[in-house]
Protein chains: 2
Amino acid sequence: MNDALRTAPNLDETDLAILERVETDFDVSLETLAEELDLSKSAIHYRLNKLKDNDVIEGITADVDPLAFGLEMVAITDVSVTHEQGYSEDIGEALAGLEGVDQVYYTLGDIDFVVISRVQTREQLNELIDRIVAIGGVNETSSKFVMREFENERSVTANLTPAAREAVLEPSTD
Amino acid sequence: MNDALRTAPNLDETDLAILERVETDFDVSLETLAEELDLSKSAIHYRLNKLKDNDVIEGITADVDPLAFGLEMVAITDVSVTHEQGYSEDIGEALAGLEGVDQVYYTLGDIDFVVISRVQTREQLNELIDRIVAIGGVNETSSKFVMREFENERSVTANLTPAAREAVLEPSTD
DNA sequence: AATGAAATCGACCAGCA
DNA sequence: TGCTGGTCGATTTCATT
């Protein structure tokens, strides 16, 4: 009935609780987690390791504030390309490789790529757009200026829909 | 000459080297960092703490793979609103609060909000778009389906333009 | 701001349910 | 497989420079 999950991680509520916690703050001590979830420190550690081995947790990273680097200008650039046949991968990687580029999405529809970039000044934005246009195969670009960002939590577990949550806890057939 | 930086963190090359490392992988041991940078373990630790106190490092987080949760469908939704006067903040927060929504950008131009969301199934996507339309003030939506994502490194220090890098190392006047 | 020593916390192992 | 308790190694803290 439910074959939405390719990689069935087979998680339980305890795993979700751990993930929800460490996804927003990995600086919580094992002891705190152990107390909150009524488990031993070793058990928490065991589960965390399993989550890393399963690649549910891809890695532990420090989140650097872009504003601390004066990266105050955010732009969303729609990029259309000329020959879409097969070249999309190369162009996507070229876009992602540009300095200042944060995220690149290849989309269906009129626009082929959506590029989100972050720079300090209008000059840098100008140069970045020039470099985008200079990529072979790029046809047209259209940029929007971002006034405000509303969420960068990037919290996968916290933003699950109830259906998505259920699907994880009750894997299909295995 | 260079007033691009509001928050001057006063960093040096060593700080940048540490940041570049821990931003992609915080699991490196202090010893490894100490050897690489020819410093004592305590010095690395001291600098890391300072970077946290200065909010250059906003936090340490575990990166959870959305695919492990079957979140295979990514959509970019352009949202236009009716009355833009003052309500943008409320609408932005309402959008960001929806389950499945990952990022929300308020932009200048024809489109007012760009919403990036991540769900498991077409049904969930459908429901999400319905919930977006149901938000008071939302006028029109247009969604694009994402076929491929090219960069989610979210590495601030690694993606700095040379100019941006220089601006950090040589703060303006202070 | 950096160092080295002492206290604290996390990683790993053997054993057990 | 998942958990426990204990040991070792790493990290955090602090007095000192």
Side-chain angles (χ1 to χ4, degrees), chain A residues 5 7-65 68-69 157 165 168-174, chain B residues 5 7-65 68-69 157 165 168-171 174:
Chain A
L5 297 175
T7 45
N10 234 18
L11 306 175
D12 59 14
E13 287 90 349
T14 307
D15 291 316
L16 281 182
I18 295 174
L19 285 172
E20 212 158 323
R21 210 68 167 64
V22 298
E23 203 184 357
T24 54
D25 180 20
F26 197 81
D27 268 344
V28 287
S29 67
L30 290 183
E31 200 160 8
T32 307
L33 282 173
E35 285 170 10
E36 285 179 8
L37 300 173
D38 275 317
L39 271 175
S40 70
K41 287 190 285 185
S42 308
I44 303 283
H45 188 258
Y46 173 78
R47 281 169 179 263
L48 273 173
N49 268 349
K50 208 184 59 173
L51 290 167
K52 286 181 189 175
D53 288 342
N54 292 345
D55 285 321
V56 174
I57 294 178
E58 295 176 303
I60 311 301
T61 58
D63 296 332
V64 175
D65 183 10
F69 285 81
T157 42
R165 199 180 181 85
V168 172
L169 293 174
E170 298 167 11
S172 44
T173 39
D174 321 296
Chain B
L5 297 176
T7 45
N10 234 17
L11 306 175
D12 59 13
E13 287 89 349
T14 307
D15 290 316
L16 280 182
I18 294 174
L19 286 172
E20 212 158 321
R21 210 68 168 63
V22 298
E23 203 184 356
T24 54
D25 180 20
F26 197 82
D27 268 343
V28 287
S29 68
L30 290 182
E31 199 160 8
T32 307
L33 282 174
E35 286 170 9
E36 286 178 9
L37 301 173
D38 275 317
L39 270 176
S40 71
K41 289 189 281 186
S42 307
I44 303 282
H45 187 257
Y46 173 78
R47 280 170 180 264
L48 272 173
N49 269 349
K50 210 183 55 173
L51 290 167
K52 286 181 190 175
D53 288 341
N54 291 345
D55 285 322
V56 174
I57 293 178
E58 295 175 303
I60 311 299
T61 58
D63 296 332
V64 175
D65 183 10
F69 286 79
T157 42
R165 198 180 181 85
V168 172
L169 293 174
E170 298 167 12
D174 321 293

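So that the names make sense, note that chain A is the first sequence line, chain B the second, and so on, each numbered from 1. As the structure is a prediction and not an experimental result, all values here were calculated from the model.
Nucleotide D:dT12 holds its P atom 14 Å from the CG atom of B:Leu51, rounded to whole Å. Between A:Leu37 atom CG and D:dG2 atom C1' there is a gap of 15 Å when expressed in whole angstrom units. Taking atom CD of A:Glu31 as the reference point, atom P of D:dT12 lies 15 Å away to the nearest angstrom. Rounded to whole Å, the distance from CG on A:Leu11 to C1' on D:dT1 is 15 Å. The distance from atom CD1 of B:Ile44 to atom P of C:dA1 is 14 Å, rounded to the nearest whole Å. Going from atom CD1 of B:Ile60 over to atom C1' of C:dG10 covers 16 Å, rounded to whole Å. Between the P atom of D:dA10 and the CZ atom of B:Phe26 lies a distance of 16 Å, rounded to the nearest Å. The CG-C1' distance, from B:Asp53 to D:dT13, rounds to 14 Å in whole Å.
Side-chain N/O atoms of A:Asn49 include none lying less than 4.0 angstrom from OP1 or OP2 on C:dG10. Taking only side-chain nitrogens and oxygens, A:Tyr46 comes nearer than 4.0 Å to OP1 or OP2 of D:dG2. When the side-chain nitrogen and oxygen atoms of A:Arg47 are compared with OP1 and OP2 of D:dT1, none of them lie within a distance under 4.0 Å. For B:His45 and D:dT11, the shortest distance from a side-chain N or O to OP1 or OP2 is not below 4.0 Å.
The shortest distance between side-chain heavy atoms of B:Leu19 and A:Phe69 falls below 4.5 Å. Contact annotation: the side chain of A:Leu39 approaches that of A:Arg47 to within less than 4.5 Å [non-hydrogen atoms, C-beta and beyond]. At a threshold of 4.5 Å between non-hydrogen side-chain atoms, the residues A:Lys52 and B:Asp27 count as touching.
Residue contacts for A:Ser40: at a heavy-atom cut-off of 4.0 Å it reaches the sugar-phosphate backbone alone, with no base atom in range. Using a 4.0 Å heavy-atom cutoff across all strands shown, B:Lys41 reaches at least one base atom of the nucleic acid.
When distances are taken from the side chain of B:Leu30 to each of C:dC12, D:dT11, D:dC3, the shortest belongs to D:dT11. The side chain of A:Ser29 lies closest to C:dG10 when the candidates are D:dT4, C:dT3, C:dG10.
With A:Ile44 as reference, A:Ile18 is the one residue of A:Val22, A:Thr14, A:Ile18 to meet the side-chain contact (heavy atoms from CB on, under 4.5 Å) rule.
The 5' end of DNA chain D is approached more closely, in terms of each residue's nearest nucleotide, by A:Lys50 than by the other of A:Lys50 and A:Ser42. Residue whose closest nucleotide on DNA chain D sits further toward the 5' end, between A:Leu39 and B:Val28: A:Leu39.
A donor-acceptor pair is defined here as one N or O able to donate and one able to accept, closer than 3.5 Å; such a pair exists between the side chain of A:Asp15 and the backbone of A:Asp12.
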